[in-house]
Novice: 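One structure follows; several queries about it will come next.
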Protein chains: 2
Amino acid sequence: MDTAGAAANTTPVGPCARIPAGQSDFVREILDRVGDKWTLLVIATLQHGVRRYSDLQNTVPGISQRMLTLTLRQLVQDGLITRTAYAEVPPRVEYALTPLGISLLDIVGSLIDWASTHHDEIRDHRTRFGQATTKPTS
Amino acid sequence: MDTAGAAANTTPVGPCARIPAGQSDFVREILDRVGDKWTLLVIATLQHGVRRYSDLQNTVPGISQRMLTLTLRQLVQDGLITRTAYAEVPPRVEYALTPLGISLLDIVGSLIDWASTHHDEIRDHRTRFGQATTKPTS
DNA sequence: CTGGATCCTTGGAGATACTG
DNA sequence: CAGTATCTCCAAGGATCCAG
């Protein structure tokens, strides 16, 4: 790595990385949902196929009924998953990813790739975080 | 849309979208940081170039000193931004994205693209969220 | 100007109990 | 089985004051 860190960001980023600072409201909506602890885990479970309520509760170990219900409802509301309720006498409800949810999953995959790649780098910085402050050789 | 939503996810996702359900710990670390309300806004401001503390406080309107300081410290700690402190008598501190931070910004750009594309779709689902429950023609 | 330290409030998350 | 309703609790976030 060169010294481009602080100095060279006069040439900041690529063409698609521009974040409209004022318009990032709905972007944060998405990130809030994806960044939510349980949402990602539920989606991760759902990518394996159709799952029932109790299946999800088993697969995502730490989740409470409340959080599972809320998370699922939110995802359904956003059109990322579907909820299919069978009016049987042992009630059965199945959840599955919609195409929209799958496409989001695909995007998140890129982020996961990035996280995997730079995970060590970040942890490295985090351990010796004192040297991040640049002394401008005054 | 066809009925592929709930039924067809036996063929779930693309090749890169696999989320290792147990390993998503550090992925969530990253998402927590990126998904944080202020982090994204600070990064968005920083993409324009070097900024001072007070600049950031002005550009990100709602942020408090506390949150700005904490967010910046976290980002520095993760190696996403650099902190340059000039030991002058009106103290001056400049923050800038590191190459690592820029690369993250690039990835986030993809997510922003996705959000922009499917924003309407999500809002549409959100308004008439009652019909998301599939009736299996019992 | 750039923060550190402190108090205080609020909403989100867990646990529990109950219903269709 | 699949939720809903209610309570409590804690920690994130804002406001304020103080310091280098």
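Per chain, numbering begins at 1; letters A, B, ... match sequence-line order. Predicted model, so just to flag it, every value in this text is computed and none were measured.
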Novice: Could you tell me whether the side chains of Thr84(A) and Tyr95(A) share a donor-acceptor contact shorter than 3.5 Å?
Specialist: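 Their side chains do not contain a donor-acceptor pair, so the 3.5 Å distance test is not met.
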Novice: Base contacts versus sugar-phosphate-only contacts with protein, heavy atoms under 4.0 Å: please encode nucleotides 4-20 of chain D as B, S and - from 5' to 3'.
Specialist: B-B------BBB-B--B
Novice: Is there a side-chain contact between Gln65(A) and Tyr53(A), using heavy atoms and a 4.5 Å cut-off?
Specialist: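 Result yes, sub-4.5 Å side-chain heavy-atom pair found.
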Novice: Answer yes or no: does a side-chain N or O of Arg52(A) lie under 4.0 Å from OP1 or OP2 of dC1(D)?
Specialist: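 Answer no for this pair, as no side-chain N or O of Arg52(A) is under 4.0 Å from OP1 or OP2.
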Novice: Considering only heavy atoms from C-beta outward, does the side chain of Trp114(A) approach that of Leu100(B) to under 4.5 Å?
Specialist: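 SC-SC contact between Trp114(A) and Leu100(B) confirmed.
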Novice: Between atom CG in Leu68(B) and atom C1' in dT2(C), what is the gap in whole Å?
Specialist: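 Result: 10 Å.
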Novice: Check the distance between dC1(C)'s P and Leu56(B)'s CG and give it to me in whole angstrom.
Specialist: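 One finds 14 Å between P of dC1(C) and CG of Leu56(B), rounded.
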Novice: For Arg126(A), is there an ion pair with Glu121(A) - N to carboxylate O distance below 4.0 angstrom?
Specialist: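 No, this pair does not count.
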Novice: Is there a side-chain contact between Ile43(B) and Gln47(B), using heavy atoms and a 4.5 Å cut-off?
Specialist: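 Side-chain contact under 4.5 Å: no.
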Novice: Heavy atoms, side chains only, cut-off 4.5 Å: are Thr98(A) and Ile102(A) in contact?
Specialist: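 Heavy-atom side-chain distance check fails, nothing below 4.5 Å.
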Novice: Roughly how many Å is it from CD in Gln57(A) to C1' in dC1(D), rounded to a whole number?
Specialist: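 Taking CD of Gln57(A) and C1' of dC1(D), I get 10 Å after rounding.
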